[in-house]
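A quick write-up on the structure given underneath.
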Amino acid sequence: QVQLVESGGTLVQAGGSLRLSCAVSGRTFSNTLMGWFRQAPGKEREFVAAISRRGGTTYYADSVEGRFTISRDNTKNTVYLQMNNLSPEDTAVYYCSADSLVPRVATSYNYWGQGTQVTVSS
C-alpha cells in the first residue's frame, strides 16, 4: 500500500520562495516515478513537474521552467518541489502523485496525496 502526504504549503508574498515536501510510504518508492500537479479554483488540474525513479530525468511545465525544481531523496522516501520567484498565478492546491508511465498526464498516476494549499499574495 502506497500513501502520499504533502506538506509545506502556506501564504507567501510574491517574489518569495517555498519548498513543498511529499512523504511516501511503501517499499516501492525508489522504483516509481513521482509528479507534482496543481489546481486552482475553476481551473483544470495542471501538470507542474515530474521526476524519474532515480532522479536522473526531470520534466517541467513551461510555466514553471527555470523557477521550480523537483528533486527526490530516496533514502528519506521524500520528493520535493522548490518554488522560487513565486507569482500570484502560482496560487493553487498542489498535489503529489506517484507511479506513472506518462509523466505529464494526471490520469496516468496510480496514487495521489491530499494536497497542500499555496497562496501567493501580491
Requested in this report: Could you pull out the closest heavy-atom pair between S17 and Q82, with the gap in Å?
Outcome: CB-NE2, 4.0 Å
Query - Same cluster (ILVMFWY, side-chain, under 4.5 Å), I70 and Y111 - result: yes
Report summary line: Heavy-atom closest pair (L33 atom, P103 atom, distance to 0.1 Å) is CD1-CG, 3.7 Å
Report summary line: CG of N74 to CZ of R53, rounded to nearest 0.5 Å, is 11.0 Å
Report summary line: Rounding to 0.5 Å, atoms CZ (R38) and CD (E46) come to a distance of 4.5 Å
Report task. Please lay out, stage by stage, how Y59 and F47 fare under the test ring pair (Phe, Tyr, Trp, His ring centres under 6.0 Å). Result -> CA-CA 10 Å; Y59 311 81; F47 170 76; 7.4 Å; no
Query raised in the report: Within the distance-only criterion (no hydrogens, no angle test), does the side chain of T57 pair as donor or acceptor with the backbone N or O of S52 below 3.5 angstrom?
Result: no
Query raised in the report: Are any non-hydrogen side-chain atoms of C22 and V24 less than 4.5 angstrom apart?
Result: yes
Requested in this report: Decide yes or no for Q13 and L86: does some side-chain heavy atom of the first lie under 4.5 Å from some side-chain heavy atom of the second?
Outcome: no
Query raised in the report: Between Y94 and F68, what is the ring plane arrangement, given parallel below 30°, perpendicular above 60°, and tilted in between?
Result: tilted
Report task. Answer yes or no: is there a side-chain heavy-atom contact under 4.5 Å between W36 and V79? Result -> yes
Query raised in the report: Is a donor on one side and an acceptor on the other found under 3.5 Å between the side chain of E6 and the backbone of Q114?
Result: yes
Query raised in the report: Would a 4.5 Å heavy-atom cut-off, applied to side chains only, mark L20 and M83 as touching?
Result: yes
Report summary line: When rounded to the nearest 0.5 Å, the distance separating CZ of R72 from OG of S21 is 13.5 Å
Report task. Output the distance between atom OH (Y60) and atom CG (L81), rounded to the nearest 0.5 Å. Result -> 8.0 Å
Report task. Answer whether the closest heavy-atom distance between the side chains of L18 and T10 falls below 4.5 Å. Result -> yes
Report task. Ignoring hydrogens and angles, tell me if any N or O in the side chain of S97 forms a donor-acceptor pair with the backbone of W112 under 3.5 Å. Result -> no
Query - Spacing of I51 atom CD1 and T69 atom OG1 [to the nearest 0.5 Å] - result: 10.0 Å
Report task. Determine yes or no for a side-chain-to-main-chain donor-acceptor pair under 3.5 angstrom, with T32 supplying the side chain and D99 the backbone. Result -> yes
Report summary line: Distance col, row L4:CG vs T78:OG1, nearest 0.5 angstrom, shows 10.5 Å
Report task. For residues S121 and L11, determine if any side-chain heavy atom of one lies less than 4.5 Å from a side-chain heavy atom of the other. Result -> yes
Query raised in the report: A98 and M34: which non-hydrogen atoms are nearest, and at how many Å?
Result: CB-SD, 3.4 Å
Query raised in the report: Is the closest side-chain heavy-atom distance between S108 and L101 below 4.5 Å?
Result: no
